[in-house]
2 protein chains.
Amino acid sequence: MDAGSQKRSAPSWQMIHDGILDAVLRQRIEPGAKLVEEEIAQVYGVSRTVVRAALQALARDGLVILQRNKGASIARPTPEEAREIFEARALIEPEIAARAARRMKPSDAAALSASIDAEHHAFHADNPREAVFHSADFHRRIAALAGHAVFAELLNELLSRSSLVISLYWRRPATLCDNEAHLALATALSSGDEAGAARLMREHVEALLADLDLLPRRHSASGLSAALLPAASQSCKDILQATIAEIDDPGE
Amino acid sequence: MDAGSQKRSAPSWQMIHDGILDAVLRQRIEPGAKLVEEEIAQVYGVSRTVVRAALQALARDGLVILQRNKGASIARPTPEEAREIFEARALIEPEIAARAARRMKPSDAAALSASIDAEHHAFHADNPREAVFHSADFHRRIAALAGHAVFAELLNELLSRSSLVISLYWRRPATLCDNEAHLALATALSSGDEAGAARLMREHVEALLADLDLLPRRHSASGLSAALLPAASQSCKDILQATIAEIDDPGE
DNA sequence: CAAGGCTGGATTGGATACAATCATTGTGTA
DNA sequence: TACACAATGATTGTATCCAATCCAGCCTTG
């Protein structure tokens with residue numbers, strides 16, 4: 001209801017914003033990739049004006065870095081920023097889990113199961129990126145169940161930035177404990193165990209943080225790496241076009 | 001240093017963003033006030049392009065509501081949203097206080113004292129709005145001392161929105177316990193008492209929430225009240241001009 | 001041969017013009 | 001008189017245009 005009534009006033013740049021956001025969440029755009037306004041404008045068939053609005057919105061989300069006269073590029077969180085993002089999640093998400101456990105209805109368990117299954121399926125299909133995407137979706141759905149709009153917004157931003165962190169600093173793409181943790185969480189949530197859900201969530205997020213490879217080294221000098229890995233920026237246009245095609249043709 | 005190095009790439013709309021933000025924090029613009037692009041553009045001597053960017057940034061901060069083809073207006077948090085904002089603060093700020101207590105240096109105490117003094121002074125000068133502004137500034141400085149950029153960003157947004165909540169739902173403009181709480185907090189922080197600072201902060205924020213008048217009644221029908229109290233929207237231009245004058249002439 | 005300056009292309013920043021939409025007022029009619 | 005409807009003015013949404021800036025490659029020069 002809440003989201004539905006707002007749909008009528010959807011800004012036109014929202015589509016571009018969501019398209020790039022989706023590409024980030026699915027790790028189809030690498031951190032540091034250059035986002036040229038004209039290219040995106042051609043992909044979506046609009047003028048640069050609308051693209052600029054979308055890029056500024058993404059910059060407010062912390063996903064895009066805008067440098068004056070130098071354009072937009074996908075953000076590259078520093079190791080310290082990465083740690084801070086997961087520390088913030090470790091504080092907020094247990095509270096969200098507790099509230100979700102308190103308000104859960106039996107019908108809500110299905111949504112969580114669907115997300116877990118999707119993650120499980122993608123994992124076994126040897127598609128770790130999609131698995132990570134659905135993993136974040138699981139956390140997002142819990143936030144939706146908590147019925148707390150402000151917490152949900154805060155977490156949404158943190159989850160988006162977590163995708164960047166994961167593509168930069170994720171150590172092992174094959175982690176089984178992830179699914180275990182999600183299953184245990186879903187069980188605690190469904191049984192209304194507030195304290196247990198909060199504890200499991202805190203441990204889960206702390207485990208995620210511990211699995212990051214946050215070395216003090218500069219992962220690679222910002223400008224240099226972008227020059228060394230131009231694949232992302234070259235294929236940015238194609239990635240967005242593919243994303244659009246998927247949206248138009250939801251029969252995935 | 002951190003902010004200084006970023007200054008070179010300051011976007012041009014930042015000035016307008018900060019101007020409107022300052023007007024909100026000082027409660028010179030009332031929630032619900034209409035923000036007409038052309039007026040703001042004339043005040044700042046720029047075109048609507050830059051103003052639109054600033055308004056979109058403010059919308060991402062939750063301070064401005066953008067409705068398609070209906071323009072921008074200062075947000076009016078619902079009572080539920082107001083409660084959620086302070087619940088989020090009650091969760092985040094104790095953690096910030098604990099981290100600040102851990103990292104405090106003796107020289108940092110001065111900044112906190114200055115903020116408390118300014119609040120105290122404004123309060124005794126019978127200027128409750130300015131007192132509220134400095135009260136928020138006190139919380140902001142603690143976040144800066146905590147040395148955690150993500151928490152600081154999250155709190156910054158919550159503090160800005162709190163200003164809207166306070167101007168809508170604040171019950172008693174004459175609260176002495178505020179200063180008491182801030183003094184006790186500053187003492188705990190200066191002495192490095194993590195647990196005490198966290199506890200005091202949580203109690204303080206919960207007291208703030210308890211002092212809000214969150215009745216289920218619609219505070220007033222949105223359109224009607226705007227018509228009954230057109231002062232805010234009419235003087236929006238003047239408010240911004242006055243704000244600019246103050247910035248240009250800092251000898252307040 | 002290396003270092004520094006310069007020019008050309010590409011890209012962004014901002015202003016302006018025009019189209020689209022909304023709110024308000026006025027008018028005609030039942 | 002009250003309601004429906006159309007015209008008008010105001011405001012926003014988007015595209016396009018031009019100036020400002022940056023980047024890369026080349027050239028000059030010590």
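Every chain is numbered from 1 and lettered A, B, ... according to where its sequence line falls, protein lines coming before strand lines.
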Any residue meeting salt bridge (Lys or Arg N to Asp or Glu O under 4.0 Å) with A:R89, in chain and number order, not counting sequence neighbours: A:E93
Can you tell me the distance, in whole Å, between the OH atom of B:Y44 and the C1' atom of C:dG13? 19 Å
Are there any protein N/O atoms within less than 3.5 Å of an N/O atom in nucleotides 7-12 of chain D, and if so, which ones and at what distance?
residue, atom, partner, partner atom, Å
D:dT12, OP2, B:E37, N, 3.4

Report the residues that fulfil side-chain contact (heavy atoms from CB on, under 4.5 Å) with A:A72, sequence neighbours left out, ordered by chain and then residue number. A:L35, A:L55, A:V64, A:L66
Atom-to-atom span, CD of A:Q56 to P of C:dT12 - whole angstrom: 13 Å
Less than 4.5 Å apart, side chain to side chain, heavy atoms only: is that true for B:L212 and B:R83? no
CE of A:M15 versus P of D:dT14: gap in Å, rounded? 10 Å
Results of ring pair (Phe, Tyr, Trp, His ring centres under 6.0 Å) for B:H134 - residues two or more places apart only: none
Scan the side chains in residues 141-150 of chain B for donor-acceptor partners under 3.5 Å anywhere in the protein, sequence neighbours excluded, and list what turns up.
residue, atom, partner, partner atom, Å
B:R141, NE, B:D137, OD2, 2.8
B:R141, NH1, B:A111, O, 3.1
B:R141, NH2, B:D137, OD2, 3.1
B:H148, ND1, B:F151, N, 3.1
B:H148, NE2, A:E87, OE1, 2.9

Please check the phosphate of C:dG13 (OP1 and OP2 only) for any side-chain N or O of B:T49 closer than 4.0 Å. no
C:dT12 C1' sits how many Å from A:I40 CD1, rounded? 13 Å
Please name all residues satisfying side-chain hydrogen bond (donor to acceptor under 3.5 Å, both in side chains) with A:S47, sequence neighbours left out, ordered by chain then number. A:T49
